[in-house]
Structure formats: C-alpha cells, structure tokens
Amino acid sequence: LQEYNGQDFVPLSTISVWQRGGRAGRPGQDPLGEVVLIAPTWQKGVKDYERGQFEKIESRTNEDLALNEQILVEISTRLSRNETQVTRIMKKSIARKQITSSKVNHQIEQMIEAGFLLRIQDSQKSLPDQFLKATRLGRVAIRHMLAPSTVQLINSFVCGKDELTFFDIALIISLTVDCQPILPVDFETLSSLRNSLRLESSSFLQNPDQMLQFGLRGKRVLSGLKMASVMREWTRFGNLEELADTFNLYPFEIRRLLDSAQRVLQG
C-alpha cells in the first residue's frame, strides 16, 4: 500500500488501490474477485480504502509542467496564435474548471521570460493582439518531447561555461525532470557515493552553490549525484550486471536511466 514518488515512500491513493483491486478475478470466468490489503498497524487512513473515500480528481494539465508543455505545443503547431486563442482552447479541455485565464497568461509570460516564446506585433493587424511564436529553445522542447524546465535548466547551466567535464554533463542531465528513474540515496549508500565522487573531476562538485542558484537541493541533488555516477561508470566499463551490484540497483533501472539520459542528450 505504498509507492516511491521519487523522494520518499508514500501511501497509495484510494483511487489507485481500487483501480488495482478491480483487476481481481478473471472476467467472464470468475463470479467475483477477492482483494486482500496488507497494511502496517501504524499506517493511517487504511479504513478509507475499505470505505472507498476517493480523492478529488485533478487534471494534470493544471500542473505548471504539463500546462507549459501544452501551451508550447499549441503555439508551435500554430493551433493557437495568441493568448486569447490559447485560453479559448484550454477552456474546452477537461481541465476547464480548474484552469483560470490568469494562470494561462501567467505561464505564457514565464515562457516568454525563459526564452521559449516570443511576442511579435501583427503587421497586418488581422489579430486582436500581438501573436506568439515558439523560439529555437521552444522548438527543441517540442521536437524531442522534453519538458520546458529540462531545456531551461540545461541551457542555464551550459551558457557561459567554457569547459564542462563528462561528469558535469551527466549531473545536469540527472537533475532534469525528464531523466528517470530518480535513484534514491539512503544513509547506507552515502559512504560509497562519497568515495565514487572523489574520483570525478567536476566544476559543480568544487562549487556546489551553482546548483543552489537553480533551486536544486536536498535529496534530489543526492539522487542526481548518484545517477550521474552510474552514468559515468557505465561509460568506463559498460557492464550492466557489475554496475547494478556496485550501486545496489536492478539492471532494468540502469537501462531505463541510460535510455532517458540519451533522449535528453539528443535534444
């Protein structure tokens, strides 16, 4: 009844438990299915599972990350040309009751500030206001299906840097939302991670305040350091089984990490 959310183990939602329990039994063959819940005595809210007290359903489009992606797609494909048209499209979506016009306009302004969109005056005056256009960074995010925050983070780290080591590049990729899975770091693995990092040449390790400038801190940075170490060791030896043993991981976790990192690198 718990799942890992990238930072900690948290209780499953009631909706998730019922959705999984709904698979019990074979359709057309069994008259009923039986579901058994095994929960520790200290876990609160277990009775909510039995009573079916479902959580409020929120549209993912209401989240900043998803909303930014959708705005970029609308403007890049020219399905929408300005703020008015973007807002009109959003009001036709499932999230129409949860997304306000002011939030859409706020996200557009942030995208312009981040360099993903440009506001251009319509020379023919055929549109009621200035129209929007995706920049090169915006097109990169759309073409490679990367979150705008991923492109922005990489661009911010790389700009102005004359030299980046192999580990620096791996670390930047590891700290993006598109690099998955996020590998947890517990107390037992801190010592081995420290020993591994001592072997790496990195401007970020010498000056960790650079990461704080972008709001990166805590467990997420530790996970990023571990993910970057895994990538770096892979480039040296390329043995999946030995690498999994060294970092106490499953081979499929490393393979998934390498695949997502390669996609980010390609972008």
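Computed from a predicted model, the values in this text were never measured in an experiment. Note that the numbering runs from 1 along the sequence shown for the chain.
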> side chain to side chain contact (heavy atoms under 4.5 Å, CB included) between Leu222 and Leu190: does it pass, once the steps are laid out?
Replying inline: CA-CA 9 Å; Leu222 285 176; Leu190 279 177; 4.3 Å; yes
>> Walk me through whether Val104 and Glu83 qualify under side chain to side chain contact (heavy atoms under 4.5 Å, CB included).
In response: CA-CA 8 Å; Val104 173; Glu83 286 96 329; over 6 Å; no
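Judged purely by distance below 3.5 Å, without hydrogens or angles, the side chains of Ser80 and Gln85 never pair a donor atom with an acceptor atom. Side-chain atoms of Gln107 and Asn68 form a donor-acceptor pair, as typed in the model, at a separation below 3.5 Å.
Using a cut-off of 4.0 Å between Lys/Arg side-chain N and Asp/Glu carboxylate O, Arg119 and Glu109 are scored as salt-bridged.
Met145 and Ile173 fall into different hydrophobic clusters, where Ile, Leu, Val, Met, Phe, Trp and Tyr are joined by side-chain heavy atoms under 4.5 Å apart, directly or via other members. Both Ile112 and Val151 belong to a single network of hydrophobic side chains, linked directly or stepwise wherever heavy atoms of I, L, V, M, F, W or Y lie under 4.5 Å apart. Leu258 and Phe166 are members of different hydrophobic clusters when ILVMFWY side chains are connected at heavy-atom separations under 4.5 Å. Note on Leu197: it clusters hydrophobically with Ile172, by side-chain heavy-atom contacts below 4.5 Å among ILVMFWY residues.
In Asn248, the CG atom is not crowded: 12 or fewer heavy atoms of neighbouring residues, nucleotides or ligands sit closer than 6.0 Å. In Arg136, the CZ atom is not crowded: 12 or fewer heavy atoms of neighbouring residues, nucleotides or ligands sit closer than 6.0 Å. Heavy atoms from other residues, nucleotides or ligands lying under 6.0 Å from CD of Glu34 number 12 at most. Heavy-atom neighbours of Lys103 NZ from other residues, nucleotides or ligands within 6.0 Å: above the threshold of 12.
Two residues are said to be in side-chain contact when any heavy atoms from C-beta on lie closer than 4.5 Å; Ile120 and Leu132 fail this criterion. The side-chain heavy atoms of Pro148 and Leu72, taken from C-beta on, include a pair separated by under 4.5 Å. Looking only at side-chain heavy atoms (C-beta outward), Leu265 and Ile169 come within less than 4.5 Å of each other.
Applying the ring-ring contact (aromatic ring centres under 6.0 Å, His included) rule to Phe252 yields the partners Tyr250; only residues at least two apart in sequence or on another chain are considered.
Taking CD1 from Ile75 and CD from Gln70, the interatomic distance works out to 10.5 Å, rounded to the nearest 0.5 Å. Interatomic distance, Ile108 CD1 to Ile71 CD1, rounded to the nearest 0.5 Å: 5.0 Å. Once rounded to the nearest 0.5 Å, the distance linking CD of Glu50 with CH2 of Trp18 reads 10.0 Å. The distance from atom NZ of Lys133 to atom CG of Asn82, rounded to the nearest 0.5 Å, is 15.5 Å. Separation of atoms CG (Leu37) and CD (Gln43) is listed at 10.0 Å; rounding is to 0.5 Å. The OG1 atom of Thr61 lies 7.5 Å from the CG atom of Leu67; values are rounded to the nearest 0.5 Å.
The closest donor-acceptor contact from the side chain of Tyr49 to the backbone of Ile15 lies at 3.5 Å or more, if one exists at all. Side chain of Ser174 to main chain of Ala170: a donor-acceptor pair is present (N/O by atom type, distance under 3.5 Å, no hydrogens or angles). Judged by distance alone, with hydrogens and angles left aside, the side-chain atoms of Ser223 form a donor-acceptor pair with the main-chain N or O of Leu183 at under 3.5 Å. Of the possible donor and acceptor atoms, one in the side chain of Thr135 sits under 3.5 Å from a partner among the backbone N and O of Phe116. Under the 3.5 Å distance criterion, the side-chain polar atoms of Ser202 are left unmatched by any main-chain donor or acceptor of Asp168. Although no hydrogens or angles enter the test, the distance criterion places no donor-acceptor pair under 3.5 Å between the side chain of Asp30 and the main chain of Gly33. The backbone N or O of Val73 sits less than 3.5 Å from a side-chain atom of Thr77, completing a donor-acceptor pair.
When Glu55, Glu3, Gln19 are each tested for a side chain to side chain contact (heavy atoms under 4.5 Å, CB included) with Ser13, only one passes: Glu55.
Leu257 and Cys179 make their closest contact through CD1-SG, 3.6 Å (heavy atoms, listed as atom of the first residue, atom of the second, distance). Across every non-hydrogen atom of Thr165 and Ser201, the tightest pair is OG1-O, 2.7 Å. In this structure, Gly21 and Val35 approach most closely via the heavy-atom pair O-CG2, 3.5 Å. Between Gly115 and Leu137, the shortest heavy-atom distance links the atoms O-CB, 3.9 Å. Nearest heavy atom pair, residue Leu1 against residue Ala39, reads CD1-CB, 3.5 Å. Taking both residues in full, the closest heavy atoms of Thr87 and Asn105 are given as OG1-OD1, 4.1 Å, listed atom of the first, atom of the second, then distance.
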Name every donor-acceptor pair, under 3.5 Å, that has one atom in a side chain of residues 225-244 and the other anywhere in the protein, sequence neighbours excluded.
| from | atom 1 | to | atom 2 | distance (Å) |
| --- | --- | --- | --- | --- |
| Lys226 | NZ | Pro184 | O | 3.0 |
| Ser229 | OG | Leu225 | O | 2.8 |
| Arg232 | NH1 | Thr235 | OG1 | 2.6 |
| Glu233 | OE2 | Arg236 | NH1 | 2.7 |
| Thr235 | OG1 | Arg232 | O | 2.6 |
| Arg236 | NH1 | Glu200 | OE2 | 3.0 |
| Arg236 | NH2 | Glu200 | OE1 | 3.2 |
| Arg236 | NH2 | Glu200 | OE2 | 3.4 |
| Asn239 | OD1 | Glu241 | N | 3.2 |
| Asn239 | OD1 | Glu242 | N | 3.1 |

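Residue pairs satisfying the side chain to side chain donor-acceptor pair (under 3.5 Å) criterion with at least one member in residues 253-267, sequence neighbours excluded, are listed as follows: Asp178-Arg263.
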